[in-house]
Number of protein chains: 2
Amino acid sequence: MPTVSSEELAAAAGVNSAKLRKDFSYLGSYGTRGVGYDVEYLVYQISRELGLTQDWPVVIVGIGNLGAALANYGGFASRGFRVAALIDADPAMAGKPVAGIPVQHTDDLERIIQDNGVSIGVIATPAGAAQQVCDRLVAAGVTSILNFAPTVLNVPEGVDVRKVDLSIELQILAFHEQRKAGEEAAADGALPAAGSAAARKASADQGPDGAAPAVMPA
Amino acid sequence: MPTVSSEELAAAAGVNSAKLRKDFSYLGSYGTRGVGYDVEYLVYQISRELGLTQDWPVVIVGIGNLGAALANYGGFASRGFRVAALIDADPAMAGKPVAGIPVQHTDDLERIIQDNGVSIGVIATPAGAAQQVCDRLVAAGVTSILNFAPTVLNVPEGVDVRKVDLSIELQILAFHEQRKAGEEAAADGALPAAGSAAARKASADQGPDGAAPAVMPA
DNA sequence: CCATCTTTGTGCACGCGTTCACAAAGACAT
DNA sequence: ATGTCTTTGTGAACGCGTGCACAAAGATGG
């Protein structure tokens with residue numbers, strides 16, 4: 001039986017082994033003392049807990065460059081997602097296949113949602129259309145929305161929204177870049193490093209920031 | 001002189017006013033007691049601190065659907081970013097304009113970086129090419145990388161990498177969706193809610209998660 | 001069957017960020 | 001000029017996640 005110890009996993013993932021064991025313990029922890037965790041069983045448990053064993057039909061609304069990129073993105077299928085439909089407001093797009101899936105017109109949005117039992121929607125429309133699309137998705141029964149449009153969406157209680165702002169990630173990089181430049185200048189004895197307290201707060205690891213600033217200008 | 005109080009800003013942003021004031025205090029205190037913050041000056045200070053007043057030339061490598069979407073994305077310009085060049089490995093793409101910018105071939109990558117003084121690179125290539133592109137970018141002088149390819153990049157000390165995995169956001173939504181379904185079932189008296197402890201830890205607000213799980217299967 | 005060794009599961013303490021609460025500061029009216 | 005009122009800036013307390021350290025559990029060998 002192939003097994004892994006928390007120590008091995010922690011080293012591979014670059015995290016603390018105690019944290020990892022404690023996280024696993026929340027799932028009901030099925031490790032064997034003196035041996036470790038049964039790999040196959042562990043993968044199954046985590047997959048089940050994260051919802052990877054289910055099939056999640058999703059619709060993508062707004063088939064521009066970004067929508068097309070998402071439709072073509074291979075990572076979805078392996079994570080339990082299935083692109084059930086592509087929807088666009090442009091009649092010229094209707095019927096045209098993108099990533100092997102024919103684009104359908106916004107008029108049929110409600111029917112498509114209900115026919116496919118879709119509960120997760122992706123909005124890749126221009127900012128101006130996002131709220132309207134969102135309202136229709138929610139009215140049709142969607143309860144989770146991934147929003148790529150640069151707008152904060154208003155949704156009723158019980159609906160989850162996650163906003164992905166592609167430029168925020170770049171902005172964080174630029175902030176660190178500026179800090180690097182500032183520190184070089186300070187090392188040259190030229191200037192005191194501006195905002196050193198705020199700079200210290202920024203973490204340096206890959207991935208989304210844990211502590212985002214409270215306010216950011218539009 | 002138009003002003004805002006920390007209370008107003010906090011209400012608008014949905015955060016605690018004390019935290020907001022403390023954050024501002026790290027930038028140096030520019031508020032007036034009894035009045036609030038001078039809007040114009042505050043915007044300028046924050047913009048400067050975040051690096052929005054500078055012009056950041058960036059290159060996008062890999063002009064597929066995603067790369068094209070990024071090139072067309074309007075949000076960059078208003079945040080101080082300028083797309084200095086588009087680079088792709090496909091010779092057929094060379095010279096073809098995307099978002100009004102002619103695509104250049106990977107062979108010229110080093111020259112393009114140096115000619116434009118680029119320090120921020122965006123990787124939108126397939127996973128297989130990402131590390132190689134990354135190495136060349138770093139060797140040419142890039143010190144910040146935004147990675148859309150589903151790979152963890154290896155970079156030397158001093159280089160920042162931020163990884164954007166589009167399917168992780170969907171996965172988080174699916175997790176919440178599953179939790180909703182599980183709670184309904186539990187309310188019906190059918191099943192105990194699986195993983196309730198882990199579920200409780202998940203926050204419900206828009207935006208990237210602060211506390212990401214330590215390990216996630218590939 | 002017992003001793004030893006490995007690894008889990010977790011109580012506890014530490015550190016950090018958030019929130020509370022209030023004194024100090026400044027505007028504004030009288 | 002003086003008092004009142006608003007809002008800032010911040011010291012202190014609180015809460016929470018993380019890491020340490022160790023006892024309990026089980027495997028393994030003699």
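These values consider heavy atoms only, across backbone and side chains, with no hydrogens, waters or symmetry-generated copies.
Atom pair B:N16:CG and D:dT10:C1' shows a separation of 14 Å (rounding to whole Å applied). Between A:D38 atom CG and D:dA27 atom C1' there is a gap of 15 Å when expressed in whole angstrom units. Counting to the nearest Å, the C1' atom of C:dC16 and the OH atom of B:Y26 are 10 Å from each other.
Applying the salt bridge (charged side-chain N to carboxylate O under 4.0 Å, His left out) rule to A:D38 yields no partners; only residues at least two apart in sequence or on another chain are considered. Remark: A:A140 pairs with A:E110, A:I113, A:Q114 by the side chain to side chain contact (heavy atoms under 4.5 Å, CB included) rule, at least two apart or across chains. Residues satisfying the side chain to side chain donor-acceptor pair (under 3.5 Å) criterion with A:E8, sequence neighbours excluded, are A:S5. Under the side chain to side chain contact (heavy atoms under 4.5 Å, CB included) criterion, B:A77 pairs with no residue, sequence neighbours left out. For B:Q54, the side chain to side chain donor-acceptor pair (under 3.5 Å) partners two or more places apart in sequence, or in a different chain, are A:Q178.
Checking the phosphate oxygens (OP1, OP2) of D:dG19, no side-chain nitrogen or oxygen of A:K19 falls inside 4.0 Å.
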| message | Each nucleotide in nucleotides 6-14 of chain C should get exactly one letter: B, S or -. Can you fill that in based on protein heavy atoms under 4.0 Å? | response | BBBBBBB--

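Between A:Q131 and A:T151, the side chains place no donor N or O within less than 3.5 Å of an acceptor N or O (distance only, hydrogens not considered).
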